[in-house]
Amino acid sequence: MRQKMKRNSIGFKLFVITVTFFVVFMSTTLIFQSTFFEKFYVNSKTKMLLSNLKKFESDYIASGRDYNFILNSLKEFQDSNNARVVVMNKNRIFNYTIISGGPDPSKDDILSAAIIRWRVMANNYNSSQPIVYVAKHPVYNTNNIVIISPMAVQNRIEDVFFVVSSLQPIGEAVSVMNQFYIYLYSGALILVIIISLIYSNMVSKPLKILNSTAMKMAELDFSAKCKIKSKDEIGNLASTLNFLSEKLSMALGELKNANKKLKADIAKERNIEKMRREFIADVSHELKTPISLIEGYGEGLKDNIVQGEERDYYLYVIIDEAQKMGKLVNDMLDLSQLDSGNYILSPQNFYIDELLLSVIKKYSNSIADKMIDMKTDIQYRNINVFADRFRIEQVITNILNNAIKHTPDNGKIAASITCSDTSVLVEIENQGEHIPDSEITKVWDKFYKVDKSRNRKAGGYGLGLAIVKKILILHKSKFGIKNTESGVKFYFTLNGKQNEEE
Ligand SMILES: Nc1ncnc2c1ncn2[C@@H]1O[C@H](COP(=O)(O)OP(=O)(O)OP(=O)(O)O)[C@@H](O)[C@H]1O
Ligand SMILES: [Mg+2]
């Protein structure tokens, strides 16, 4: 569909300029022609007549001013110049006699007027300069060029030529031409309007495309491209616009990505901040109980309200609570160290079976107290692993400590080590209550305890498994908890290789 041209569009301006230019040009031509064409014609006709007359006169002189020459050649001259000619000779009637066989001056108003004019001025006229003027016919109102050309022989005027040429044909031609011009003018105007409409559209169409693309870009839609293939300035502008669009799209993409990353960073930062606050709340909560116990029992001692065995118990509680606080502080230090993100392990080769047995040995008293049946199933002796020995000892200690805590009296604990080609699997299973499935992933969180009340008595803060998790992640270990038929099993893997027996 053809779009309507807007009044302030370039297409419309081009159209108006072209049509105006054409109208001005054609009008000027018309005015010029109607005012100057006739004058120009008269001038050139006069010049032509004069020069032909000169030639005729010289031929006449060459013939020895032969009367017969005039008679023979005058008709030819008249026809070829579209003129009426009369030649007068001096020494005849009225001093001047008509010698030509041309038109009868008495029947030709213009000619007879010219002859009268000459007779009046003849005595005072000594030059052979021709007299030229334009005379209007009194009746027909047509213009005529009149030439009176005296011919001097030895400075005496002998013959006079009267030449009259009608301007009627040119007047007619001009008026016909003016009519013709009106048709030409109207036809050309229609043609110019059509052509200028077409080319205005040709110029403004790519500009419209450019504009709509730029508008889309302004709305951040970079999918639109200018499909203008021309090699001119508009084509250049189109490809520049496409380039700009690409660059903007890229920059915007980068900006969006950066923004996404920033948002993620902010969320992460907020999360860390939240965790920190929770951590402080948890720590202060955990410290409240031992502090109030120490305070209470300490005051009891100060007031001397207890004696003997009871006094020892008071002292025991104070020392025990202080030890628990010490453990809490140590665990927190450990956690924050492992949490820092740049904690570096100190791995070394050691025998994991040896380590496991030594930890079990440390706990032999507690195991004996609860009459626990402690079993070990180790595939080989001296199973080498490459890990941070101190941290792995912490892992085993925490898991075994939990196992002992959660095993009922006379229960069973089974520890095993199994080797594969590249890794070593350590499992510690204890009889006891299951960890509810909904809690099984949460036990790794710091300060998380399944049974809060029982834990207080057992002296746990819920930090042990959080530390274990950090250490095992640093070792890139595969680890987890499973509820088994009779209890709970903790397992983890370590990198290692089987060592031949020593
Ligand atoms: N072998 C297990 N059997 C049943 N529940 C367990 C066992 N090990 C851990 N849990 C549960 O997981 C929780 C978190 O254990 P974690 O070792 O982190 O803390 P804790 O033992 O309570 O205190 P801490 O280890 O800091 O002295 C425990 O409170 C307990 O409820
Ligand atoms: Mg524990």
Side-chain angles (χ1 to χ4, degrees), residues 275 278-290 293 320-339 356 359-360 362-363 366-367 369-370 372-376 390-416 426-474 477 479-492:
M275 277 162 61
E278 279 171 7
F279 186 74
I280 288 168
D282 287 336
V283 170
S284 13
H285 178 77
E286 294 298 341
L287 283 174
K288 245 192 273 174
T289 318
L293 281 172
D320 185 51
E321 290 300 329
Q323 275 171 350
K324 279 182 192 160
M325 279 167 62
K327 180 180 176 300
L328 174 64
V329 170
N330 278 337
D331 283 352
M332 282 187 333
L333 282 175
D334 265 346
L335 255 183
S336 78
Q337 236 185 336
L338 293 165
D339 239 348
L356 178 69
V359 176
I360 292 173
K362 265 191 214 162
Y363 278 92
S366 326
I367 292 168
D369 285 349
K370 288 184 95 173
I372 290 169
D373 176 12
M374 178 79 226
K375 282 214 170 80
T376 53
F390 171 72
R391 292 296 176 189
I392 294 303
E393 183 174 351
Q394 250 184 316
V395 169
I396 296 172
T397 305
N398 272 306
I399 294 175
L400 190 66
N401 185 23
N402 285 348
I404 294 169
K405 268 198 286 186
H406 293 93
T407 309
D409 289 356
N410 298 309
K412 258 192 237 165
I413 296 179
S416 72
V426 181
E427 291 170 300
I428 297 174
E429 182 182 356
N430 69 283
Q431 260 182 0
E433 270 177 46
H434 281 163
I435 301 174
D437 283 345
S438 56
E439 318 262 324
I440 217 153
T441 51
K442 294 182 191 160
V443 295
W444 303 103
D445 296 346
K446 23 184 188 279
F447 296 110
Y448 193 82
K449 293 165 249 180
V450 176
D451 182 351
K452 275 102 194 162
S453 56
R454 203 185 67 176
N455 242 279
R456 170 69 204 147
K457 269 185 260 152
Y461 289 108
L463 290 176
L465 287 182
I467 294 170
V468 166
K469 182 183 174 185
K470 296 274 177 241
I471 295 171
L472 290 177
I473 286 175
L474 286 172
S477 163
F479 62 96
I481 315 170
K482 275 180 211 156
N483 281 319
T484 58
E485 232 174 86
S486 57
V488 177
K489 182 199 264 182
F490 282 80
Y491 65 90
F492 64 90

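This is a predicted model, so every value here is computed, not measured. As the structure lists them, so they are numbered: ligands from 1, and atoms in each ligand from 1. Sequence positions, counted from 1, serve as the residue numbers for this chain.
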**Q** State whether Tyr461 and Lys327 meet the cation-pi test: NZ (Lys) or CZ (Arg) under 6.0 Å from the six-membered ring centroid, and within 45° of the perpendicular axis.
**A** no

**Q** At under 4.0 Å between heavy atoms, is it the side chain or the backbone of Asn401 that contacts ligand 1, or both, or neither?
**A** neither

**Q** Taking atom 9 (C) of ligand 1 as the point of reference, which of Asn402, Thr407, Asn398 owns the nearest heavy atom?
**A** Asn402

**Q** Go through the steps for Lys324 and Thr289 under the test side-chain contact (heavy atoms from CB on, under 4.5 Å), then give the verdict.
**A** CA-CA 11 Å; Lys324 279 182 192 160; Thr289 318; over 6 Å; no

**Q** Is there side-chain contact between Leu293 and Asp320, with at least one heavy-atom pair below 4.5 Å?
**A** no

**Q** I want to check something: taking the side chain as every heavy atom from C-beta on, are Asp334 and Gln394 in contact at a cut-off of under 4.5 Å?
**A** yes

**Q** Between Asp331 and Gly464 (side chain of the first, backbone of the second, donor and acceptor by atom type, cut-off under 3.5 Å), is there such a pair?
**A** no

**Q** At under 4.0 Å between heavy atoms, which part of Lys449 makes contact with ligand 1: side chain, backbone, both or neither?
**A** both

**Q** Which residue pairs pass the salt bridge (charged side-chain N to carboxylate O under 4.0 Å, His left out) test when at least one of the two sits in residues 394-403, sequence neighbours left out?
**A** none

**Q** Quick one: does Gly432 get a heavy atom under 4.0 Å from ligand 1?
**A** no

**Q** Which bit of His434 is near ligand 1, meaning a heavy atom under 4.0 Å away: side chain, backbone, both or neither?
**A** neither

**Q** Phe390: which residues meet the ring-ring contact (aromatic ring centres under 6.0 Å, His included) condition with it, sequence neighbours left out?
**A** none

**Q** Identify, with sequence neighbours excluded, every residue that meets side-chain contact (heavy atoms from CB on, under 4.5 Å) alongside Asp369.
**A** none

**Q** Could you see which bit of Leu465 sits under 4.0 Å from ligand 1, with heavy atoms only: side chain, backbone, both or neither?
**A** both

**Q** With a 4.0 Å cut-off on heavy atoms, is Lys327 touching ligand 1?
**A** yes

**Q** Which of the protein's N, O or S atoms come within less than 2.8 Å of the Mg ion (ligand 2), not counting waters?
**A** Asn402 OD1

**Q** Tell me whether His434 contacts the main-chain N or O of Thr484 through its side chain, where contact means a donor paired with an acceptor under 3.5 Å.
**A** yes

**Q** What part of Trp444 sits under 4.0 Å from ligand 1 if we count only heavy atoms: the side chain, the backbone, both or neither?
**A** neither

**Q** At less than 4.0 angstrom from any non-hydrogen atom of Gly462, what atoms of ligand 1 do you find?
**A** 18 (O), 19 (O), 20 (P), 22 (O), 23 (O), 24 (P), 26 (O)

**Q** Can you tell me if Glu439 contacts ligand 1 (heavy atom of the residue under 4.0 Å from the ligand)?
**A** no

**Q** With respect to atom 12 (O) of ligand 1, which of Val443, Ile435, Ile413 exhibits the smallest heavy-atom separation?
**A** Val443

**Q** Write down the atom of Lys405, the atom of Lys370, and the distance for their closest heavy-atom approach.
**A** O-NZ, 3.3 Å

**Q** Phe492 and side-chain contact (heavy atoms from CB on, under 4.5 Å): which single residue from Ile471, Val468, Ile396 fits?
**A** Ile396

**Q** Kindly confirm or rule out an N or O of Leu463 lying under 3.5 angstrom from an N or O of ligand 1.
**A** yes

**Q** Is there side-chain contact between Asp339 and Lys446, with heavy atoms separated by less than 4.5 Å?
**A** yes

**Q** Can you tell me if Gln431 and Ser486 form a side-chain donor-acceptor pair at under 3.5 Å?
**A** no

**Q** So, regarding Gly464 and ligand 1 (criterion: nitrogen or oxygen to nitrogen or oxygen, under 3.5 Å), is there a contact or not?
**A** yes

**Q** Quick one: does Asp331 get an N or O within less than 3.5 Å of an N or O on ligand 1?
**A** no

